[in-house]
Participant: 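Structure below; questions to follow.
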Amino acid sequence: MTAQIIDGKAIAKECRKALKGRVKEFSEQYGHAPGLGVILVGEDPASAVYVRNKEKACARAGIASFHHDLPITATQEQVAKIIDEMNADSRVHGILLQLPLPKGLDEQAMLARIHPDKDADGFHPINAGYLAVGKDGYVPCTPKGVMTLIASTGQPIEGAHAVVIGRSNIVGKPQAQLLLQKNATVTICHSRTKNLAEVVGLGDIVVAAVGRPEMVKGEWIKKGAVVIDVGINRRDDGTLCGDVEFETAKERAGWITPVPGGVGPMTIAMLLENTLEGAIRAATR
Ligand code: NDP
């Protein structure tokens, strides 16, 4: 059996199209566009590309973006000052602090400085807590996008065994919470997990968020499983690949995301959605 490919690019395009309509309605009703504040510290080329792509996507959706660059030498106080300004700026409804921050800056402290109501990335401890207790808050963009991709397969989440590989605050943990909310039986794996192959083999749904090229072998995958590959890795020859060995996994999985063109495009679409949600909350508070 060859898996159906989950076309994240096409699904994200649909999401952005629907969102553009909702942004237009919002802007007409309230007389201003939703706004995303973007803070980039340092000169990491990958971060600069991500930020540029996010801003382009904002412009296409009718969302205003307010960009602030800081040098690699920026101090914690300088970053905090920009965050405070954006927290106070009524044109900004979501704040994106591009990670990773340069060494020496306290990432957790800076993320916690963003007002929880403007936490478009959903990384603030208050929003992480809301997710854990099942209360409405911002949900991190990548796991939120993954849920849409899983839903697109039409496979039930309730009662399914979902195996999440990775336990970061950005992907693995919120992913597990979201799957749990949908009544999956969730197993979280990490670098100390024993018998990873066997555990992965139990998954009706497998979400890999590790950051190691093709470490999840195709032969581990349960036949017919939904496989979502969050990883973005560069091979020695410069080409991109995920955390899952795609060519072999697609022969066992029922559905699988490619890399690139799977989860990546959804992350940006969900950032736009979170920004609109922030604007709606601010307007209706
Ligand atoms: P982190 O490095 O923060 O977390 C990686 C996780 O993988 C950790 O929990 C770690 O375990 C676990 N891990 C490491 N080695 C192994 C192993 N041998 N077996 C099992 N688990 C292991 O990464 P992120 O969560 O931030 O990102 C993961 C990947 O997803 C990266 O490739 C990143 O580029 C990509 N990504 C893609 C996005 C997109 O939009 N498509 C967005 C965000 C991330 P432990 O906790 O024990 O160290």
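All values below were derived from every heavy atom in this structure, side-chain atoms included, with hydrogens, water molecules and symmetry-related copies excluded. Remember, it's 1-based here, ligands and their atoms both numbered in the order they're listed. If you read the sequence from its start, that first residue is 1, and numbering goes on from there.
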Participant: If we ignore hydrogens and angles and just use 3.5 Å, is the side chain of K118 paired with the main-chain N or O of V92 as donor and acceptor?
Facilitator: yes
Participant: Could you check whether E219 and T248, counting side-chain N and O atoms only, form a donor-acceptor pair closer than 3.5 Å?
Facilitator: no
Participant: Can you sort out which atoms of ligand 1 are near G264, meaning under 4.0 Å from one of its heavy atoms?
Facilitator: 40 (O), 41 (N)
Participant: Provide, to 0.1 Å, the distance between atom 8 (C) of ligand 1 and the closest protein heavy atom, together with that atom's residue and name.
Facilitator: R167 N, 4.0 Å
Participant: Can you pull out the closest protein heavy atom to atom 33 (C) of ligand 1? Residue, atom name and distance to 0.1 Å, please.
Facilitator: I232 N, 4.3 Å
Participant: Quick one: does V263 get within less than 4.0 Å of ligand 1, heavy atoms only?
Facilitator: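 Under 4.0 Å: yes for V263.
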Participant: Please write down residue, atom name and distance for the protein heavy atom closest to atom 39 (C) of ligand 1.
Facilitator: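 I find the closest protein heavy atom is T267 OG1, 3.7 Å.
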Participant: Considering only the protein, which heavy-atom contact is closest to atom 44 (C) of ligand 1, and what is its distance?
Facilitator: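 Of every protein heavy atom, V171 CG2, 4.0 Å lies nearest to atom 44 (C) of ligand 1.
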Participant: For atom 15 (N) of ligand 1, grab the closest protein heavy atom and report residue, atom and distance to one decimal in Å.
Facilitator: R212 NE, 3.1 Å
Participant: List the closest protein heavy-atom neighbour of atom 48 (O) of ligand 1: residue, atom name, distance to the nearest 0.1 Å.
Facilitator: S191 OG, 3.6 Å
Participant: Under 4.0 Å between a side-chain nitrogen and a carboxylate oxygen: does that hold for E277 and K144?
Facilitator: yes
Participant: Heavy atoms only: which of G172, G211, A46 lies closest to atom 31 (C) of ligand 1?
Facilitator: G211
Participant: Centres of the H32 and H93 rings: under 6.0 Å?
Facilitator: yes
Participant: Of all heavy-atom pairs between V210 and D243, which one has the smallest distance, and what is that distance?
Facilitator: N-OD2, 2.6 Å
Participant: Given 3.5 Å as the limit, does a donor-acceptor pair link the side chain of D229 with the main chain of G231, or not?
Facilitator: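 Confirmed, D229 side chain pairs with G231 backbone.
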Participant: Could you identify the single nearest non-hydrogen protein atom to atom 20 (C) of ligand 1 and state the distance to 0.1 Å?
Facilitator: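 Looking at atom 20 (C) of ligand 1, the protein heavy atom closest to it is H190 O, 3.1 Å.
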Participant: What pair of heavy atoms forms the shortest contact from I63 to L272, and how long is it?
Facilitator: CD1-O, 3.7 Å
Participant: Judged on heavy-atom distance to atom 7 (O) of ligand 1, which of I228, I188, V210 sits nearest?
Facilitator: V210
Participant: Assess the residue pair D84 and R113 against the criterion (salt bridge (charged side-chain N to carboxylate O under 4.0 Å, His left out)); give the C-alpha distance rounded to whole Å, side-chain angles, the decisive distance to 0.1 Å, and a yes or no.
Facilitator: CA-CA 8 Å; D84 291 348; R113 189 134 188 150; 2.8 Å; yes
Participant: With atom 35 (C) of ligand 1 as the reference point, say which of D243, N169, V230 has the nearest heavy atom.
Facilitator: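 The nearest heavy atom belongs to V230.
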Participant: Could you list which atoms of ligand 1 come closer than 4.0 Å to a heavy atom of G166?
Facilitator: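 By the 4.0 Å cutoff, the relevant atoms are 6 (C), 7 (O), 9 (O).
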Participant: Just to be sure I read this right, does ligand 1 sit under 4.0 Å from the backbone of M266, its side chain, both, or neither, counting only heavy atoms?
Facilitator: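 None of M266 does.
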Participant: Would you check whether C189 reaches within less than 4.0 Å of ligand 1, judged by its heavy atoms?
Facilitator: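 Distance cut 4.0 Å: C189 fails for ligand 1.
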Participant: Please report the shortest heavy-atom distance between N233 and G242, naming the atom on each side.
Facilitator: ND2-O, 3.0 Å
Participant: Which residue holds the protein heavy atom closest to atom 1 (P) of ligand 1, what is that atom called, and what is the gap in Å?
Facilitator: S168 CB, 4.1 Å
Participant: Where do V200 and V206 come nearest, in terms of heavy atoms and distance?
Facilitator: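 Smallest interatomic distance, heavy atoms only, reads O-CG2, 3.9 Å.
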